[in-house]
There are 2 protein chains.
Amino acid sequence: MRLDQKDIQILKLLQNNARLSNKELAVELDIAPSTCHERLKKLTKSNFFKAFNASLNLEKLGFNIEVLIRVRLKKHEREVVNSFIQKLHTLKGIVRFYHLAGETNFMLHVAVENPNTLRSFILDELSDFKYIDNIESSIIYHNKCLHNLSYTNVIE
Amino acid sequence: MRLDQKDIQILKLLQNNARLSNKELAVELDIAPSTCHERLKKLTKSNFFKAFNASLNLEKLGFNIEVLIRVRLKKHEREVVNSFIQKLHTLKGIVRFYHLAGETNFMLHVAVENPNTLRSFILDELSDFKYIDNIESSIIYHNKCLHNLSYTNVIE
DNA sequence: TATTTTAGCGAAATATATTCGGTAAAAAGA
DNA sequence: TCTTTTTACCGAATATATTTCGCTAAAATA
């Protein structure tokens, strides 16, 4: 499927506000709602969207500390990696994780209530995994989603 | 504002699918649409949502490489940090950034088309900033949003 | 106990989503 | 170049959903 300027506009608008209604999109694109609806349906069916996520005001929910945790495994092998990823899915507090090439094998974006919860997360929950070699944490002062991409290559 | 189990359910459902309609939410919570609507309005007005973001299928859009870039600045001072953040907003390719405490000052999640674009991003775009001390990149094999938080502390 | 607040409901009014037949312009094929 | 096909678009009609509101009952507060 080939994309044009209007398609890109839909993608960008939803990146910034995934809850925009079809009508609101149509107004922005300056096309009829029915036309916009067709485009959105097409983009969705063609799998251009990976997910629609609400990101919450974590501080308001009692998660006063966010950290980025670098994890190095003893063995960076398929089986170890798979079971680690599986473990990540069971742990409470993980907002997002990155599986990386290089020195650091995993980068975890974690939200915790307070320093004690953080200590417990690292010493009790995470270190519980057999193949952990090294863990280092950095407090996140601030983080922001930009989605500032250039789509010139995709447009016909 | 105090949250109960139903509110948490709304937050969680929208974390996983920000485009759920009010009616769909109401069905999940097993309450009337009008009731659900009131709750959602209340949560929104009380600023429990930071953003609603569509995340795109970047590979399909020609962004074949995603990297995590560690940036260390020469001076970690308010003015330098501010202007760096400002610069990040102008750069094309940044999906998300983290401002950190510790050795690494910034962590950038970047999407590029190919190795050449990456080189250009780092050598031309990023290094252009006067106060860059050090840059290191790691390819992202995989990354995923989990939002797997425990809200026991918030519930009454 | 009396009073206020709150969460809930359903019905009505409003607005939106969705489908569909038709049109015109662009793309593809002869 | 002239057809034919495809595509993006529209507006009208219908189906759904959102939103408001008055009312009730239960919970919280005084």
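All chains are named by letter (A, B, ...) in the order of the sequence lines, taking the proteins before the strands, and each is independently numbered beginning at 1.
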Integer-rounded Å distance: [N] [atom2] and [X] [atom1]:
X     : N      : atom1 : atom2 : value
A/L29 : D/dA8  : CG    : P     : 14 Å
B/D4  : C/dT6  : CG    : P     : 13 Å
A/Q5  : D/dA8  : CD    : P     : 15 Å
A/L40 : D/dC9  : CG    : P     : 13 Å
A/N22 : C/dT16 : CG    : P     : 10 Å
B/R2  : D/dA27 : CZ    : P     : 17 Å
A/D30 : D/dA8  : CG    : C1'   : 15 Å
B/Q9  : C/dA7  : CD    : P     : 16 Å

Mind checking if [X] touches a base, just sugar-phosphate, or nothing, with heavy atoms under 4.0 Å?
X     : result
A/T35 : base
A/S21 : sugar-phosphate
B/K6  : nothing

Fill in: Partner residues of B/E59 under the salt bridge (charged side-chain N to carboxylate O under 4.0 Å, His left out) criterion, sequence neighbours left out
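Scan of B/E59 (salt bridge (charged side-chain N to carboxylate O under 4.0 Å, His left out), adjacent residues dropped) gives none.
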
Item to complete: Using heavy atoms to find the nearest nucleotide of DNA chain D for A/S34 and A/K42 separately, return the residue whose nucleotide is more 5′.
Response: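 The residue whose closest nucleotide sits nearer the 5' end is A/K42.
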
Fill in: Nearest-nucleotide pick for B/K23, side chain only, options being D/dT20, D/dA17, C/dG8
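Of all the options, the side chain of B/K23 is nearest to D/dA17.
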
Worksheet item: Between A/H37 and C/dA17, is there a side-chain N or O to OP1/OP2 distance below 4.0 Å?
Response: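 So the side-chain polar atoms of A/H37 never come under 4.0 Å of the phosphate oxygens OP1 or OP2 of C/dA17.
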
Worksheet item: Does B/R39 have a side-chain nitrogen or oxygen under 4.0 Å from the phosphate oxygens OP1 or OP2 of C/dG8?
Response: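 True: B/R39 side-chain N/O within range (under 4.0 Å) of C/dG8 OP1/OP2.
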
Fill in: B/S137 side chain to B/R70 side chain, donor-acceptor N/O pair below 3.5 angstrom
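No, no side-chain donor-acceptor contact under 3.5 Å.
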
Worksheet item: Taking for each residue the nucleotide of DNA chain C bearing the nearest heavy atom, is the 5' side occupied by A/E24 or by A/E38?
Response: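 Nearest nucleotide further toward 5': that of A/E24.
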
Discussion item. Does A/L123, at its CG atom, have more than 12 non-hydrogen atoms belonging to other residues, nucleotides or ligands within less than 6.0 Å?
Written reply: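 Check passes, neighbour count above 12.
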
Discussion item. If you count every heavy atom of other residues, nucleotides or ligands that lies below 6.0 Å from B/I85 atom CD1, does the total exceed 12?
Written reply: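 Yes, the 6.0 Å shell around CD1 holds more than 12 heavy atoms from other groups.
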
Discussion item. Before you tell me yes or no, could you show the steps for B/K87 and B/D128 under salt bridge (Lys or Arg N to Asp or Glu O under 4.0 Å), namely the whole-Å CA-CA distance, both residues' side-chain angles and the distance that decides it to 0.1 Å?
Written reply: CA-CA 10 Å; B/K87 186 181 179 66; B/D128 175 57; 3.1 Å; yes

